[in-house]
Amino acid sequence: MQVTTFIGDPSIYTARSFFVRGTWNAIADVNTLIDTGRDDGIVEFINNLNTGLGKKKLELVILTHEHFDHTNSLKTLKPAFNPHVIGLAKGQYVDEIPKDGMKVKIGDCQAEILFTPGHSNDSISIYVPENGTLFSGDTLLNIKSPGGTYTKEYVETLKRISSLKLNIIYSSHDEPIVNDIDKMLQFSMKNVMASQIIN
C-alpha cells in the first residue's frame, strides 16, 4: 500500500487528502482518495500520479465526515474521474452510505470502516488491519491534559481505537503519528476520564 498526501494551498483552509494506491499499481488495486479537501488543485495532483496502466485514475472516494473542508472538492472530482463515493450523506455525488464494520478494498489492502463519533456524529475512520494503518479524519486522539467536556460516544470511540493494533495514524490536519501510539492513546484516555463526561 502506498499513501500520498495532498495538503493543498496553505492559503485555503482545507483538510489533508490521502491517496491510496497498491504497492505495484496492479489492475486489481483500487485507487482511493480519503477526503477530498477543498482545494480543486487535487485534480491536477491526481492526474500527475502514477496510478497504473489501464486503470482509472481515481476509483473510490471515502469521506470521513461531511464538514466542508473534507468534502468541498467532491463536486470537482466526481465529474473529472467519476469515482464511487462512500459518505454518510447520500446526495448528488455520494453513491453509498457506509455501515459500521463495512469492508472495503483500498489500494491493495482490505480496510474496515469504523464509526467513530466524537468530532461529529457522522465521523468514520478507516482501519487497515494488515499493516496497522488508521485514517482518523478529525477524530481527536492526542488529548494532552484533563479538563473540558467529552461525550460518552467519544469515550467509546477512544476505547475502540485504543484496542486496535496501530503502526501509523493519518490525521486530517496534522503530520502522521508513528511513534508511541499505544502510549499516546492510553494517556489520552486517562485525561479524558479525568474530565467531564456527558451524554
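Model, not experiment: these values are computed from the prediction.
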Inset, instruction - Please state whether the rings of H173 and Y13 are parallel, tilted or perpendicular, taking 30° and 60° as the class boundaries. - result: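 Geometry flag for Y13 against H173: parallel rings.
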
Inset, instruction - Take the angle between the ring planes of H67 and H65 and call it parallel below 30°, perpendicular above 60°, tilted in between. - result: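 Taking H65 first and then H67, their aromatic rings stand perpendicular (interplane angle over 60°).
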
Counting only heavy atoms not in [X], do more than 12 fall under 6.0 Å of its [atom1]?
X: K75; atom1: NZ; answer: yes
X: E44; atom1: CD; answer: no
X: I27; atom1: CD1; answer: yes
X: K165; atom1: NZ; answer: no

For [X] and [Y], work out which heavy atoms get closest and say how close.
X: F187; Y: I143; value: CD2-O, 4.0 Å
X: S73; Y: T36; value: N-OG1, 3.3 Å
X: M102; Y: P98; value: SD-CA, 3.6 Å

[atom1] of [X] to [atom2] of [Y]: how many Å apart, nearest 0.5 Å?
X: L185; Y: I177; atom1: CG; atom2: CD1; result: 7.5 Å
X: E156; Y: Y150; atom1: CD; atom2: OH; result: 15.5 Å
X: L63; Y: Y93; atom1: CG; atom2: OH; result: 13.0 Å
X: L60; Y: I106; atom1: CG; atom2: CD1; result: 8.5 Å
X: N25; Y: L49; atom1: CG; atom2: CG; result: 9.5 Å
X: F68; Y: L74; atom1: CZ; atom2: CG; result: 15.0 Å

Inset, instruction - Would you check, one step at a time, whether the test side chain to side chain contact (heavy atoms under 4.5 Å, CB included) holds for H70 with T64? - result: CA-CA 8 Å; H70 293 253; T64 60; 3.5 Å; yes

Inset, instruction - With T32 as reference, evaluate I62, V61, I86, L58 under the side-chain contact (heavy atoms from CB on, under 4.5 Å) test and give the passing residue. - result: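 Of the listed residues I62, V61, I86, L58, the side-chain contact (heavy atoms from CB on, under 4.5 Å) partner of T32 is I62.
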
Heavy-atom side-chain proximity of [X] to [Y] below 4.5 angstrom:
X: K57; Y: N31; value: no
X: I124; Y: L88; value: yes
X: D40; Y: F45; value: no
X: K78; Y: D95; value: yes
X: V128; Y: V20; value: no
X: M184; Y: L141; value: yes

Inset, instruction - Take D138 and S123 through the test side chain to side chain contact (heavy atoms under 4.5 Å, CB included) and record every step on the way to the result. - result: CA-CA 8 Å; D138 280 353; S123 288; 5.7 Å; no

Indicate yes or no for a side-chain donor-acceptor contact from [X] to the backbone of [Y] under 3.5 Å, with no hydrogens or angles considered.
X: R160; Y: V155; value: no
X: E112; Y: Y127; value: no
X: T151; Y: Y154; value: yes
X: K55; Y: A28; value: no
X: E59; Y: P83; value: no
X: S136; Y: S125; value: no
X: K99; Y: I113; value: no
X: S172; Y: G137; value: yes
X: D108; Y: T23; value: yes
X: D39; Y: T14; value: no

Inset, instruction - May I have the step-by-step check of side chain to side chain contact (heavy atoms under 4.5 Å, CB included) for V43 and I46, ending in yes or no? - result: CA-CA 5 Å; V43 171; I46 292 171; over 6 Å; no

Legend entry - side chain to side chain donor-acceptor pair (under 3.5 Å) contacts touching residues 180-196 (sequence neighbours left out):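 Matches after skipping sequence neighbours: T149-Q196.
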
Inset, instruction - Check whether the side chains of D35 and S17 place a donor and an acceptor atom closer than 3.5 Å, and report yes or no. - result: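 The answer is no; no qualifying pair exists.
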
Going hydrophobic residue to hydrophobic residue with side-chain gaps under 4.5 angstrom, can you get from [X] over to [Y]?
X: I168; Y: L166; answer: no
X: M189; Y: I169; answer: yes
X: F19; Y: Y170; answer: no
X: F18; Y: L33; answer: no
X: V178; Y: V3; answer: yes

Inset, instruction - Go through the steps to decide whether R38 and D9 satisfy the test salt bridge (charged side-chain N to carboxylate O under 4.0 Å, His left out), and finish with yes or no. - result: CA-CA 9 Å; R38 55 186 293 259; D9 184 337; over 6 Å; no

Inset, instruction - Assess whether side chain to side chain contact (heavy atoms under 4.5 Å, CB included) is satisfied between T133 and M1, documenting all intermediate values. - result: CA-CA 10 Å; T133 298; M1 187 174 85; 3.7 Å; yes

Legend entry - Check ion pair D69-R16 (N to O, under 4.0 angstrom):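 Salt bridge between D69 and R16, a charged N being under 4.0 Å from a carboxylate O: no.
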
